[in-house]
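Just below is one structure, and these are the notes that go with it.
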Amino acid sequence: MIKRNELPTHYNQSPTDYMINKSKKLFERAQESIPGGVNSPVRAFKSVGGTPLFIKWAKGAYLYDEDDNQYIDYIASWGPMILGHAYEPIVKAIQEKVLYSTSFGAPTELEIEMAELIKTMVPNVDLVRMVSSGTEACMSALRLARGYTGRNKFIKFEGCYHGHADAFLVKAGSGMATFNIQTVPGVTVGVSNDTLTCAYNDLEAVQQLARQYKGEIAAIIIEPVVGNMGCILPAPGFLEGLRTICDDEGIVFIFDEVMTGFRLSAGGAQEKLNINADLVTYGKIIGGGMPVGAFGGKKAIMQHIAPLGNVYQAGTLSGNPVAMTAGYTLLKELKNNPAIYTDLDAKTNYLAEGIGKVLSKRGVNFRVNRMGSMISVHFSDHDVVDFDSASKANIPLFNKLFHHMLENGIYLPPSAYESWFLNNALTYDDLDKTIAAFNSFDQY
Ligand code: HOZ
């Protein structure tokens, strides 16, 4: 990991040097040719206000913007940079692989190695199909569940986000929640009618829907630990209750592990929480930060996917050799080095406790939600357990804090509705600086 004192001095500005002139100019320019100036909505800083930072490069725990400001990164590319940015073994593996071409559209041995590695790490996966994003993974898993059961409806939870396929854009978290988008023009009523929703952690509501739509529900899809309305944890017995409903009603239980997979533990949330899913979806972490997703599960279900079955799903870039080599290198490291998870857990706990002490001392209403290396701070006097309670937190206060943190060289997600992700390149010094910045904020 690169150390602060090894950085060129202009990449290590003090907070008082914080300027974003180049980012401002780039944002103006970007809006002339890119919708809203960004290629993914949450990046636009629309809810927190101000100008999105244009990032030039990153190394270890730090991001550097075009104005040469340095930031401690709590996004980690929304999860995959779990060992820090530009992790040397991954960079090297990519450099070597790229010499042999960047895409074949034909099978490679590396794809088998990747599937075999995933099977050794993750419970309940006999077969795994690579795709290019978490959106694709969730979309394909839902189609498979529908094809397998011959049913159309499915249950998702308010504030959970499963990518931007039409069926999932109902009461979704992440950017939909951030921008308060209730219905998405272009998603047909016919599609939305098959999407049933319940509050997260409300088992009774799910039981009620299962009774009401008996024999019609193909799947229940859930983020086992939510990252798209801030970090929200499953109440004791909630996931177990869903498992029982799925078993009793012949419903496919899908864990969306795009955020939790290989992050909460080497076996993801299934292993960490000791619950079996029928299908699991993964995202960017499987590509070591490159564009990759995957879905997998038991053979009895997965064998319905083409070319074994007629549930069609395909992609030229699926199993792309460069992405596979990056992901394989990362997953191997995570598998072989369990101390990574112990370290991340200790660091995240240290951060949670430090922030908690500061906010208590300052008399602020808050809740810190955390599991493993996922964490979020909600300015709330009530427990944050679902979308409703997350929305009732003091979001304007978070937005102000966000800018204070930036000015102090700390990059949080630009929305109160996103989890923060720690990476193992973070030092305790970085965590202390973050805690100190919570203390120096004067607008609680
Ligand atoms: N949907 C992602 C976070 N939940 C944000 C993706 C991005 O803007 O890069």
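Each ligand, and each atom within it, is numbered from 1 in the order the structure gives.
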- Message: Are F168 and F154, when compared by the centres of their aromatic rings, separated by less than 6.0 Å?
- Response: yes
- In this structure, OG1 of T329 is separated from OH of Y87 (nearest 0.5 Å) by 9.5 Å
- M259 heavy atoms, cut-off 4.0 Å: which ligand 1 atoms fall inside? 4 (N)
- ligand 1 and Y161, any nitrogen or oxygen pair closer than 3.5 angstrom? no
- Task: Pull out every atom of ligand 1 sitting under 4.0 Å from any heavy atom of N228, numbered as shown with elements.
- Result: 4 (N)
- Aromatic plane relationship, W57 with Y64 - under 30° parallel, 30 to 60° tilted, over 60° perpendicular: parallel
- Message: Ignoring hydrogens and geometry beyond distance, is a side-chain donor-acceptor pair present between N124 and N276 at under 3.5 Å?
- Response: yes
- Message: Could you tell me if the side chain of L401 sits less than 4.5 Å from the side chain of V377, heavy atoms only?
- Response: no
- Ligand-residue contact atoms, ligand 1 with S174, heavy atoms, under 4.0 Å: 1 (N), 2 (C), 3 (C), 4 (N)
- Interfacing atoms of ligand 1 (cut-off 4.0 Å, heavy-atom, E418): 3 (C), 4 (N)
- Task: Could you list which atoms of ligand 1 come closer than 4.0 Å to a heavy atom of R43?
- Result: 7 (C), 8 (O), 9 (O)
- Query: F366 and Y444: aromatic ring centres closer than 6.0 Å?
  - Reply: no
- Task: Would you check whether S40 has a nitrogen or oxygen atom less than 3.5 angstrom from a nitrogen or oxygen atom of ligand 1?
- Result: yes
